[in-house]
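FYI, side chains are in, hydrogens and waters are out, and symmetry mates aren't considered; it's all heavy atoms of this structure. Residues take their numbers from the sequence shown, with the count starting at 1.
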Amino acid sequence: MFWQSLMKWAMSSLKNHILFFQVIFSLPFCSMFIATSYQYQELTWLWGLWIVALGSGMGVIVACLGWYFIILPMQRRRRK
């Protein structure tokens, strides 16, 4: 039930879809790579900011691609 309402919320607008991908994709991506860099003692402030910027940018790009190529066509078919 929770997942259905979460997916409905994420599919309701592009803003929600981007926020959903930031939490589902970017947060784990950034956490994993920052932890790995820390473990190998290669983490600096600049490298950490680069990882966060790259993860956030990729999250927005993937969310927009998913929105325009998957969600919108699916919603148009459902309305017909």
Side-chain angles (χ1 to χ4, degrees):
M1 189 66 144
F2 171 73
W3 291 109
Q4 288 176 344
S5 61
L6 181 65
M7 292 308 291
K8 258 186 191 176
W9 173 81
M11 290 174 51
S12 65
S13 72
L14 178 60
K15 179 186 72 166
N16 293 348
H17 198 68
I18 289 174
L19 183 62
F20 177 74
F21 265 86
Q22 290 295 331
V23 172
I24 296 297
F25 175 76
S26 296
L27 222 96
F29 173 84
C30 292
S31 301
M32 181 185 70
F33 280 101
I34 286 176
T36 303
S37 293
Y38 179 77
Q39 182 180 5
Y40 289 114
Q41 299 175 350
E42 297 174 352
L43 185 63
T44 62
W45 284 103
L46 188 60
W47 185 244
L49 289 174
W50 175 251
I51 292 171
V52 170
L54 188 65
S56 297
M58 285 175 45
V60 169
I61 290 169
V62 169
C64 288
L65 288 173
W67 177 260
Y68 287 109
F69 291 113
I70 296 171
I71 303 299
L72 283 182
M74 214 168 65
Q75 288 177 347
R76 286 183 193 135
R77 269 190 237 126
R78 195 176 292 163
R79 287 184 193 145
K80 288 181 181 180

S.K.: Is Leu19 reachable from Trp3 through a run of I, L, V, M, F, W or Y residues, each pair having side-chain heavy atoms under 4.5 Å apart?
M.R.: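 Hydrophobic grouping puts Trp3 with Leu19.
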S.K.: Hey, could you give me the CD1/CG distance between Ile24 and Leu6, rounded to the nearest 0.5 Å?
M.R.: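 Between Ile24 CD1 and Leu6 CG, I get 6.5 Å after rounding to 0.5 Å.
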S.K.: My understanding is that only residues two or more places apart in sequence, or in another chain, count here; which of them pass side chain to side chain donor-acceptor pair (under 3.5 Å) with Ser26?
M.R.: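 If we apply the side chain to side chain donor-acceptor pair (under 3.5 Å) test to Ser26, skipping adjacent residues, the hits are Gln22.
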S.K.: When hydrophobic residues are tied together by side-chain contacts of less than 4.5 Å, even through go-betweens, does Leu27 share a cluster with Phe21?
M.R.: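 Different clusters: Leu27 never reaches Phe21 through Ile, Leu, Val, Met, Phe, Trp or Tyr contacts under 4.5 Å.
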S.K.: Please enumerate all residues that pass side chain to side chain contact (heavy atoms under 4.5 Å, CB included) together with Met74, with sequence neighbours excluded.
M.R.: Met11, Ile71, Arg78
S.K.: State which residues pass side chain to side chain donor-acceptor pair (under 3.5 Å) with Ser31; sequence neighbours excluded, sorted by chain then number.
M.R.: none
S.K.: Taking side-chain hydrogen bond (donor to acceptor under 3.5 Å, both in side chains) as the cut-off, I'd like each qualifying pair that reaches into residues 5-16, sequence neighbours left out, listed once.
M.R.: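 Residue pairs passing side-chain hydrogen bond (donor to acceptor under 3.5 Å, both in side chains), neighbours aside: Ser12-Asn16, Ser13-Asn16.
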S.K.: Determine which pairs satisfy side-chain hydrogen bond (donor to acceptor under 3.5 Å, both in side chains) with at least one residue from residues 52-74, sequence neighbours left out, and list them in order.
M.R.: none
S.K.: Check which hydrophobic residues are tied to Val23 through side-chain heavy-atom contacts below 4.5 Å, counting indirect links as well, and list them.
M.R.: none
S.K.: Are Phe20 and Leu14 joined in one hydrophobic group, where the rule is that I, L, V, M, F, W and Y side chains link up if heavy atoms are under 4.5 Å apart?
M.R.: no
S.K.: Can you see which heavy atom on Ile18 is nearest to which on Cys64, and at what distance?
M.R.: CD1-SG, 4.0 Å
S.K.: For the hydrophobic clusters of this structure (ILVMFWY residues joined by side-chain heavy atoms under 4.5 Å, transitively), does one cluster hold both Met32 and Val62?
M.R.: yes
S.K.: How does the hydrophobic cluster around Phe69 look, that is, which other residues are in it when side-chain heavy atoms under 4.5 Å mark a link?
M.R.: Ile61, Leu65
S.K.: Starting from Tyr40, walk the hydrophobic network (Ile, Leu, Val, Met, Phe, Trp, Tyr; side-chain heavy atoms closer than 4.5 Å) and list everyone else you reach, by chain and number.
M.R.: none
S.K.: Run the side chain to side chain donor-acceptor pair (under 3.5 Å) test against Trp47 and tell me which residues pass, sequence neighbours left out.
M.R.: Ser37
S.K.: Can you name the residues that form a side chain to side chain contact (heavy atoms under 4.5 Å, CB included) with Met58, not counting sequence neighbours?
M.R.: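 Listed in chain order: Phe25, Phe29, Leu54.
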